[in-house]
Amino acid sequence: MSEQEKRDQAAQKESVSSDKKAKAPKKKDAKKPNRVLRWLKDLKGELKKVTWPSAKDVVKNVGIVIVCVLIVGACIWVFDALAHAVLEALLRLFGK
């Protein structure tokens, strides 16, 4: 058998197998669940796994955040006041 004949036979086998695949009837799946409903069910399952903080922990953490915001705000206010004072001094010194 020549190489050409081998290639022809291989090509025929491929075309026959691809024809079988194309002609195979598609199976009807049972109703697929709605994607949104499936997503909501998964979401509910994941939220059950979450360790939720107690009310006491939430109040404590909120207090810490408020204190940190006040400290950072005070630092910015002090820096702004110092920068303003330095600029005023420089303008008075070189402005005349």
Side-chain angles (χ1 to χ4, degrees):
M1 205 185 254
S2 69
E3 290 294 319
Q4 182 64 33
E5 290 173 348
K6 288 180 183 177
R7 281 188 239 136
D8 289 341
Q9 283 181 349
Q12 284 178 347
K13 286 181 182 178
E14 286 179 13
S15 67
V16 168
S17 65
S18 66
D19 289 343
K20 287 181 182 177
K21 289 179 185 175
K23 291 180 182 178
K26 293 184 180 179
K27 294 181 180 178
K28 289 187 177 181
D29 293 340
K31 283 188 176 179
K32 291 184 179 179
N34 190 353
R35 285 185 179 190
V36 175
L37 292 176
R38 187 176 66 216
W39 182 80
L40 288 172
K41 287 179 183 178
D42 291 343
L43 177 68
K44 184 179 177 183
E46 289 297 322
L47 288 176
K48 286 182 181 179
K49 296 177 187 177
V50 173
T51 304
W52 296 100
S54 66
K56 184 178 179 181
D57 290 339
V58 172
V59 170
K60 184 176 84 171
N61 290 340
V62 168
I64 290 171
V65 169
I66 290 172
V67 168
C68 290
V69 167
L70 291 174
I71 290 171
V72 169
C75 291
I76 292 172
W77 178 68
V78 168
F79 177 76
D80 184 53
L82 288 174
H84 181 72
V86 168
L87 284 175
E88 285 289 321
L90 287 174
L91 285 174
R92 273 193 239 121
L93 183 64
F94 294 110
K96 291 185 178 184

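Excluded from the calculations below are hydrogen atoms, water molecules and symmetry mates; all remaining heavy atoms, backbone and side chain alike, are included.
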Checklist entry - Less than 4.5 Å apart, any side-chain heavy atom of V62 and any of I66? => result yes
Checklist entry - Can you tell if the side chain of K48 reaches within under 4.5 Å of the side chain of K44, non-hydrogen atoms only? => result yes
Checklist outcome for this item: Distance col, row K41:NZ vs L43:CG, nearest 0.5 angstrom, shows 13.0 Å
Item to check | Heavy-atom check, side chain of S54 versus side chain of D57, under 4.5 Å | outcome: yes
Checklist entry - Is there a side-chain contact between K49 and E46, using heavy atoms and a 4.5 Å cut-off? => result yes
Item to check | hydrophobic_cluster_shared for W39 and V50, side chain cutoff 4.5 Å | outcome: yes
Checklist entry - Can you tell me how far CG of D42 sits from CG of L47, rounded to the nearest 0.5 angstrom? => result 11.0 Å
Next on the checklist: In this structure, would V86 and F94 fall into the same cluster of hydrophobic residues linked by side-chain contacts under 4.5 Å?
Outcome noted: yes
